There are 2 protein chains.
Amino acid sequence: MTVTQVAKSRPGSVRSCEDGTARPLPDGRDQYTISEVVACTGLSAHTLRWYERIGLMPHIDRSHTGQRRFTNKDLDWLAFVGKLRLTGMPVADMVRYAELVRLGDHTRADRRELLEGTRVDVLRRIAELQDTLAVLDYKIDMYAERA
Amino acid sequence: MTVTQVAKSRPGSVRSCEDGTARPLPDGRDQYTISEVVACTGLSAHTLRWYERIGLMPHIDRSHTGQRRFTNKDLDWLAFVGKLRLTGMPVADMVRYAELVRLGDHTRADRRELLEGTRVDVLRRIAELQDTLAVLDYKIDMYAERA
DNA sequence: TGGTTGCTTGGAGTGTGCTCTAAGGTTCTA
DNA sequence: TAGAACCTTAGAGCACACTCCAAGCAACCA
């Protein structure tokens, strides 16, 4: 399945923002405006503010004029949230996970349990999709045969 | 990838309704009430009627009193739609596909193209999910290590 | 000094995919 | 023959995840 071979290499991190749509940010900095984060994550500014409002992000630092200043830690979190979003996990569940993180170290077991549940969902989704792929291949074959 | 090994075995068909949630229907029949279809597909009656209204299903036969009588062909179609739904394909696109089917044989190339596009989407989704799985495994490992 | 750009806020609006309601007709069981 | 269970319709309502709006402040350039 070529999945666990990744082992300990810290996947999907190391400040290249997200994937694909992302422009890399200047290294060695730890303060980004909302528009920089928009450029690098592909999320809209509206969405980023909304994430903060609903508690899916920790409270973001502000400049002396009240503007958001995102840190590298915030970007890491956004990258992880992006992954969870791909699994189809409802935003409410992600908020729950975020809350557990805020509550501190004694919630580690709960967090692990939550992620393991998500993991099972992901495996099921992959199986479903591979099943669907078989159906699609069958149909496409039918259309290809007597074109 | 163990996908094309299915080859020509007609996957996901042969009147066992859908998967999992489904009770099999009595064989050798070709007329089912909406509640029978509900029991076997797991879709709600509302959803089935809505599918017909928006053109995602062909017009369903009626009894002399106006009640729907689904055929085996309808059930096959619903099973296929169920697969497409799993891919995240928007309902509007499925309706488009249904229209092509209604329009007859000369739309076969279009239909094939549509399904091939969907196939690419599915492959991408699977890759994304496997990527996400790696991230989840990494995190779960972290929580497991120093419990 | 004025104009443009970029940011702030709370709250309203949007698109998708159902899901339910109301009002009424049909079929089955006792 | 009554009552329950099941079906019909058009249209309204809902949950989710954004997405946009209005009004206003702040920073910068000509």
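Keep in mind that this is a model prediction, so the values were computed, not measured. Naming: A, B, ... by sequence-line order, numbering from 1 per chain.
Taking the nucleotide of DNA chain D with the nearest heavy atom to each of A:His64 and A:Ser44, the more 5' of the two is matched to A:Ser44.
In this structure, A:Trp50 atom CH2 and D:dT19 atom P are separated by 9 Å, rounded to whole Å. Rounded to a whole Å, the NE2 atom of A:His46 is 11 Å from the P atom of C:dT8. Rounded to an integer number of Å, the gap from B:Met89 CE to C:dG17 C1' is 16 Å. For the pair A:Leu48 CG and D:dA17 P, the computed distance is 16 Å after rounding to whole Å. Following rounding to the nearest Å, B:Leu43 (CG) and C:dC18 (P) show an atom-to-atom distance of 8 Å.
A salt bridge is defined here as a Lys NZ or Arg NE, NH1 or NH2 lying under 4.0 Å from an Asp or Glu carboxylate O, and B:Arg125 with B:Glu128 meets this definition. A salt bridge links A:Asp131 and B:Lys83; the closest N-O separation between the charged side-chain nitrogens and carboxylate oxygens is under 4.0 Å. Checked for salt-bridge contact, B:Arg96 and B:Glu113 miss the test: no charged N lies under 4.0 Å from a carboxylate O.
Considering only side-chain N and O atoms, A:Ser35 lies under 4.0 angstrom from the phosphate OP1 or OP2 of C:dC7. Between C:dG17 and B:Tyr51, no contact under 4.0 Å exists linking OP1 or OP2 to a side-chain N or O.
Within the nucleic acid shown, A:Thr33 comes within 4.0 Å of sugar-phosphate atoms alone, with no base atom in reach, counting heavy atoms only.
A search for side chain to side chain donor-acceptor pair (under 3.5 Å) contacts involving B:Arg111 returns A:Tyr143, B:Thr107, not counting sequence neighbours.
Nearest to the side chain of A:Arg49, among C:dG17, D:dT8, C:dT8, sits C:dT8. Candidate nucleotides C:dT27, D:dA26, C:dC18 were compared by shortest atom distance to the side chain of A:Thr65, and D:dA26 ranks first.
Sorted by residue number, the members of residues 52-63 of chain B with any non-hydrogen atom under 4.0 Å from DNA chain D read B:Arg53, B:Arg62.
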